[in-house]
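As structure tokens, the structure follows; a few thoughts come after it.
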Amino acid sequence: MSALHITTPLLRHGPLSAALGKQVVLKMENLQPSGSFKLRGIGTMCRRAAENGATHFVCPSGGNAGFAAAVAGSALGVRTTILVPQTTHESVRGKIRDIGAECIVSGNVWDETNEEALRLCQAPGAVYIPPFDHPDIWDGNATLIDEAVQQAKEAGIDFDVVICSVGGGGLLCGVLEGLHRNGKAHVPVIAVETEGAASLNAAVHAGELVTLPAITSIATTLGAKRVAQQAFEWTKRHDVRTLTVSDAQAVDACLRFADDLRTLVEPACGAALAVAYQQLPLLKEFHAPLVVVCGGIGVDLAKLEAWKNHFER
């Protein structure tokens, strides 16, 4: 079976490059068929599971991972059930159902949703598809760096830092795996979270995994109360610089990105973009930052307008 994800463009961001005096490049993962990078890892895991005889995918997700699993299930012809917590917006539930997946609302928080998903996976042929915590997912996500290295080389750009948002850590693990398998182990990664959803930052400062008491950020797709163990382990053997931005900064980046690129992305993606738009000090030493535009389906014009009004009050 061929890969389910597509090769996405690597674009130079002209206005930001001029404002910062740097070569700012964007890996446009928002253009994946699932609307986010998630199709790389989730698609890889689903494809391998189908090759091994899976007849039912079960994925507990707040949105983007579930939608990616639904896209993968549709492409592979495998029955797919997505379980979401009560907090997942009805518009996201509708998008999942519209492509043929079953969408079940279960639990007030993801942990409760996950319990029901694990129960369903006890049936023969059912395979549990986690949102971020699996080697197949990291391997699939690493392909974005495989592409970016080749694309940057063809464009004559030698990116010297990667900026990515962190939720559960699946994207971060993929980015790091990709850097190491492409001879870029020396390239630092700026791992960005929003305040109120910063489980990696908390773990790094504590020196051990930390479970947040609650997610208070509007960037709900970054809302993993506990980051993946593998993501935390990577911080011990690679130059990973954790950073938190405010919800207001993330939303501001989404609005400016919409103006600049005529493209809508979630605040979870805006967190990474905020590093450049806010010209944060951590970026000063680098000359060619690569920003992973992770995308997200939980955004539309009405939500963007509501977030804008909220932070302008």
Give the C-alpha distance, both sets of side-chain angles, the deciding distance and a yes or no for side chain to side chain donor-acceptor pair (under 3.5 Å) between T80 and H56.
CA-CA 6 Å; T80 305; H56 184 193; over 6 Å; no

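- The distance from atom CZ of F232 to atom CD of E208, rounded to the nearest 0.5 Å, is 7.5 Å.
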Go through the steps for Q151 and E154 under the test side chain to side chain donor-acceptor pair (under 3.5 Å), then give the verdict.
CA-CA 5 Å; Q151 290 167 324; E154 292 170 356; over 6 Å; no

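- The one candidate from T242, V275, L243, V161 that meets the side chain to side chain contact (heavy atoms under 4.5 Å, CB included) condition with L282 is L243.
- With hydrogens and angles ignored, the 3.5 Å screen pairs no side-chain donor or acceptor of K27 with any backbone N or O of E147.
- Contact check on R48 versus D139 returns a salt bridge, with a Lys/Arg side-chain nitrogen under 4.0 Å from an Asp/Glu carboxylate oxygen.
- Annotation: side chain of S36 is not in contact with side chain of N30 (no heavy-atom distance under 4.5 Å).
- For I157 against A288, the heavy-atom pair with the smallest separation is CG2-CB, 4.3 Å.
- Remark: the backbone N or O of V24 is paired with a side-chain donor or acceptor of S17 at under 3.5 angstrom.
- Between the side chain of H205 and the backbone N or O of N201 there is at least one donor-acceptor pair closer than 3.5 Å.
- Between the side chain of W307 and the main chain of A250, no donor-acceptor pair closer than 3.5 Å is present.
- Interatomic distance, L31 CG to L39 CG, rounded to the nearest 0.5 Å: 12.5 Å.
- Taking a cutoff of 4.0 Å between a charged side-chain nitrogen and a carboxylate oxygen, K303 and E266 do not qualify as a salt bridge.
- With hydrogens and angles ignored, the 3.5 Å screen pairs no side-chain donor or acceptor of Q32 with any backbone N or O of R40.
- Using a cutoff of 4.0 Å between basic side-chain nitrogens and carboxylate oxygens, D146 and R181 are scored as salt-bridged.
- Counting only heavy atoms from C-beta outward, the side chains of R93 and V84 approach each other to under 4.5 Å.
- Contact check on D252 versus R256 returns a salt bridge, with a Lys/Arg side-chain nitrogen under 4.0 Å from an Asp/Glu carboxylate oxygen.
- Taking the six-membered ring where the residue is Trp, the centroids of H13 and Y277 are separated by under 6.0 Å.
- Side-chain atoms of P267 and T194, non-hydrogen and from C-beta on, never get closer than 4.5 Å to each other.
- Within 6.0 Å of atom NZ in K236, more than 12 heavy atoms from other residues, nucleotides or ligands are found, so the atom counts as buried in its surroundings.
- Ionic pairing of R97 and E102 is not present here: no N-O contact between side-chain nitrogen and carboxylate oxygen is shorter than 4.0 angstrom.
- Considering CZ of R79 and CZ of F57, their distance stands at 12.0 Å, rounded to 0.5 Å.
- Donor-acceptor pairing under 3.5 Å is lacking for the side chains of S199 and R226.
- Between C59 atom SG and L83 atom CG the span is 8.5 Å, to the nearest 0.5 Å.
- Counting heavy atoms from C-beta on, the side chains of V291 and F257 never come closer than 4.5 Å.
- At a threshold of 4.5 Å between non-hydrogen side-chain atoms, the residues Q23 and H287 do not count as touching.
- For T263 (side chain) and L261 (main-chain N/O), a donor-acceptor pair under 3.5 Å exists by modelled atom type.
- In this structure, the side chains of L172 and V189 come closer than 4.5 Å at one or more pairs of heavy atoms.
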Side chain to side chain donor-acceptor pair (under 3.5 Å) between E29 and T8, worked out
CA-CA 6 Å; E29 287 300 293; T8 56; 2.6 Å; yes

List the steps and the verdict of side-chain contact (heavy atoms from CB on, under 4.5 Å) for I99 and V71.
CA-CA 7 Å; I99 56 174; V71 170; 3.6 Å; yes

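- Atoms CZ and CD1, from F67 and I82 in turn, are 10.0 Å apart once rounded to the nearest 0.5 Å.
- The heavy-atom pair separating H238 from V187 by the smallest distance is NE2-O, 2.7 Å.
- For the atom pair OG1 (T7) and CG (L144), the distance works out to 11.0 Å, reported to the nearest 0.5 Å.
- Both tests hold for K184 against F159: distance to the six-membered ring centre under 6.0 Å, angle to the ring axis within 45°.
- A salt bridge does not link E285 to K22: none of the charged side-chain nitrogens sits closer than 4.0 Å to a carboxylate oxygen.
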